[in-house]
S.K.: 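Next up is a structure, given as structure tokens.
The model shown is predicted, which means the values in this text are computed figures rather than measured ones. When a ligand or atom number is given, it counts from 1 through the structure's own listing order.
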Amino acid sequence: MEVYKFGGASVFNAAAIKNMAGIIRATAPEKLLVVVSAIGKTTNKLEELAYAYINGEERATTILEEVKTAHFQIIEELFDNPTQPVINEIANTFVEIEWLLEEEANDSAEYIYDQIVSVGELLSTRIVAAYLQQDGVKAVWVDARNYIKTDNSYREGIVDWEETKSGIVQDLAPLLQTSVVVTQGFIGGTSENFTTTLGREGSDYSAAIFCSCLDARALTIWKDVPGVLNADPKWFDQTQMIPQLSYHDAIELTYYGATVIHPKTIKPLQNKNIPLYVRSFIEPEGAGTVIDQQTSPLPVPSFIFKVDQVLISILPKDFSFIIEENLSHIFNLFHQHKVKVNTMLNSALSFSVSVDQDKDKISQLIQALSADYKVKYNEGLELVTIRYYNQDTINRVSTNKNILLEVKSRNTCQMVMKDKSASE
Ligand code: ASP
Ligand code: MG
């Protein structure tokens with residue numbers, strides 16, 4: 001059996017859903033489980049809705065109306081029969097949010113977020129499953145919350161692998177003998193059946209979990225790019241497709257911020273030696289990229305850009321060295337404030353890190369650090385990571401930039417930079 005994952009862009013309107021069904025009809029292996037994300041940018045909208053509701057803003061109902069209209073518009077374009085049961089299913093799903101919005105927001109923000117934001121995937125999969133059925137595919141809709149079992153860390157559910165595996169093997173393996181199973185990415189359920197989410201862009205991870213539990217032969221992630229590129233076309237004109245990538249390089253690239261695959265996706269696949277194909281839903285004939293256990297290094301240098309970085313330099317107040325003790329204290333503060341370190345460098349008297357900008361979080365962290373250290377920081381920076389770098393590639397990305405921090409290992413070079421014009 002195999003698993004396909006379709007992201008929001010691959011189902012963003014009626015035509016895209018038809019295209020997706022075409023891919024399934026043309027390429028599906030005998031047994032297939034399909035993981036689908038929310039339609040287009042629905043998750044962002046629902047996020048907005050959740051915050052509006054939590055803050056008691058009227059806007060919540062307007063946003064809900066927008067989400068509703070967008071989904072019913074797609075349904076109207078996809079289905080010939082006005083009594084299609086999917087119309088009721090979708091209406092009922094919306095009613096549940098409406099009921100929620102009528103109550104006051106008394107639960108924790110994280111919990112509320114998950115109950116609202118998870119609806120995007122419930123909607124998209126209902127529509128996709130019904131459309132596949134109309135299109136002659138024997139598809140069944142499955143609620144992932146009954147199978148991806150997590151703890152109650154809302155917004156970042158930690159998977160209970162044993163529970164998850166036993167449910168999937170018991171119910172889904174037999175179902176796959178006769179049907180294409182359509183289910184949600186991104187969402188899970190606690191042992192008490194509350195809805196959780198796995199973190200933004202987590203559908204890839206869901207797909208990898210299903211693969212691992214079902215010992216899938218392969219995972220294919222269908223995207224709007226021809227495969228894994230050596231840089232994000234958003235930042236780079238001349239990108240190259242990488243036909244084959246090792247699990248190791250894939251993990252490194254996603255760790256440094258490549259957004260092509262969710263960082264948690266690779267480990268479950270690598271552990272079971274399941275290959276991951278990244279292919280284009282626009283040109284499904286293309287071979288795409290395969291990520292597997294082969295070990296040859298990347299054929300071309302790869303670039304990862306992160307903007308909106310803050311470089312924080314931490315110095316002892318009394319000229320003492322930065323040693324293990326201080327470092328462990330410093331890391332603890334980062335951990336407590338949930339700030340992820342993108343790159344770091346330490347010397348005798350200073351420790352510097354680059355982190356993503358997040359005004360509230362960072363100012364609280366800086367305040368906490370300032371109790372024991374002298375803290376300097378610099379905002380509005382870019383972090384560039386080059387895997388398999390050489391001097392030429394370094395020069396290319398650092399033209400007209402001031403390099404504030406540079407960290408090199410054998411294969412990877414990271415630079416925190418500022419536009420020369422901006423620093424003058
Ligand atoms: N729909 C979710 C998000 O946008 C999950 C995903 O797309 O992978 O974050
Ligand atoms: Mg997505």
S.K.: Side chains of R279 and T220 only: does a donor on one sit below 3.5 Å from an acceptor on the other?
M.R.: no
S.K.: Looking at R200, which atoms of ligand 1 are within less than 4.0 Å of one of its heavy atoms?
M.R.: 3 (C), 4 (O), 9 (O)
S.K.: Given that the side chain starts at C-beta and the backbone is N, CA, C, O, which of these parts of E121 lies under 4.0 Å from ligand 1, counting heavy atoms, or is it both or neither?
M.R.: side chain
S.K.: Tell me whether G202 reaches ligand 1 (any heavy atom closer than 4.0 angstrom to a ligand atom).
M.R.: yes
S.K.: I'd like to check which ligand 1 atoms, numbered from 1 as shown, lie under 4.0 Å from a non-hydrogen atom of S37.
M.R.: 6 (C), 7 (O), 8 (O)
S.K.: Would a line drawn from the ring center of F281 to the ring center of Y4 be shorter than 6.0 Å?
M.R.: no
S.K.: Is E156 salt-bridged to K338, cutoff N-O under 4.0 Å?
M.R.: no
S.K.: List for me each residue that meets side-chain hydrogen bond (donor to acceptor under 3.5 Å, both in side chains) alongside D80, sequence neighbours excluded, and say none if there are none.
M.R.: none
S.K.: D204 to ligand 1: N or O pair under 3.5 Å?
M.R.: no
S.K.: For the pair F236 and F305, name the ring-plane relationship: parallel under 30°, tilted 30 to 60°, perpendicular over 60°.
M.R.: tilted
